[in-house]
Each structure stands twice: as structure tokens, then as C-alpha cells.
Amino acid sequence: MSEANLIDRARHGSQPAWIALVEHHQQAIFRLAYLLLGDAAEAEDVAQETFIRAFEALDGFDTSRPLRPWLLRIAANLARNR
């Protein structure tokens, strides 16, 4: 299933679709947060908050674009704000 299809399903309440998206991107998000913060616990918190914020804003996401850069930008902003 394509990423755009998963996003569309997640927008309509599919928990398995959202979980699939999170699982696909969680390592990259954690690695960036850890690189910026240097602390695993803080990086885990930032990664979790990234996915919470992304889920809340998912309706406004343009599915013609890749999801990962958007998630990485959210994570970087959260890490910088810490």
C-alpha cells in the first residue's frame, strides 16, 4: 500500500494505517532527535511528540509530497525548542 493511501486511511481513523506509518518512520525521527539532543530519553520524548503533532495535523498534509521530510522538520523544531 502506498504512503498516500496509508495517510488517507489514517485520516479516516484507521489505527493500523497510522501504526504502519509510525513504524516506517520512527527510527529516522529518533535518530535525528538523538543527533540534535545527545540524550536517548529526550530523543524518545521528541519522537513521540513528533508523531502526536503529525497526527493532529495530518488532515492538512499534502499527500503529493513525501511524509518523512515533514516529520523530520517537526522533530527538528521540537528538538531545537528543548
Side-chain angles (χ1 to χ4, degrees):
M1 182 175 302
S2 75
E3 188 170 83
N5 286 341
L6 287 171
I7 292 168
D8 187 52
R9 286 177 168 221
R11 284 176 175 164
H12 290 94
S14 171
Q15 184 177 4
W18 179 247
I19 290 170
L21 290 166
V22 170
E23 288 176 348
H24 183 70
H25 296 287
Q26 67 185 2
Q27 285 184 345
I29 301 307
F30 173 81
R31 281 193 307 261
L32 174 65
Y34 184 75
L35 202 110
L36 294 172
L37 297 168
D39 181 272
E42 289 287 320
E44 286 178 15
D45 288 347
V46 164
Q48 184 175 17
E49 183 66 23
T50 296
F51 288 110
I52 291 168
R53 294 208 182 182
F55 183 78
E56 291 171 348
L58 199 58
D59 284 340
F61 179 72
D62 177 3
T63 56
S64 69
R65 310 184 95 174
L67 185 63
R68 183 166 291 185
W70 184 62
L71 294 172
L72 290 170
R73 187 171 57 246
I74 294 170
N77 288 337
L78 288 169
R80 285 186 196 110
N81 287 339
R82 285 190 177 241

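Quick note: residue numbers are just sequence positions, from 1. Values below: every heavy atom of this structure, side chains too, minus hydrogens, waters and symmetry copies.
Other residues sharing a hydrophobic cluster with V46 under the 4.5 Å side-chain heavy-atom criterion for ILVMFWY residues are M1, L6, I7, W18, L21, V22, I29, L32, L36, L37, F51, F55, L58, F61, L67, W70, L71, L72, I74, L78.
Distance alone, capped at 3.5 Å, places no donor-acceptor pair between the D8 side chain and the A4 backbone.
Side-chain contact between P16 and I19 is absent, with no heavy-atom pair separated by less than 4.5 Å.
In this structure, E3 CD and H24 NE2 are separated by 6.0 Å, a value rounded to the nearest 0.5 Å. Going from atom OH of Y34 over to atom CD of E44 covers 11.0 Å, rounded to the nearest 0.5 Å.
When every heavy atom of A10 is checked against every heavy atom of A17, the shortest pair comes out as N-CB, 3.8 Å. Contact record, D62 with R11: N-NH2, 4.4 Å, taken as the closest heavy-atom pair. Shown here for P69 and P66, the closest heavy-atom pair between the two residues is CD-O, 3.5 Å.
Atom CZ of R65 is surrounded by 12 or fewer heavy atoms from other residues, nucleotides or ligands within 6.0 Å.
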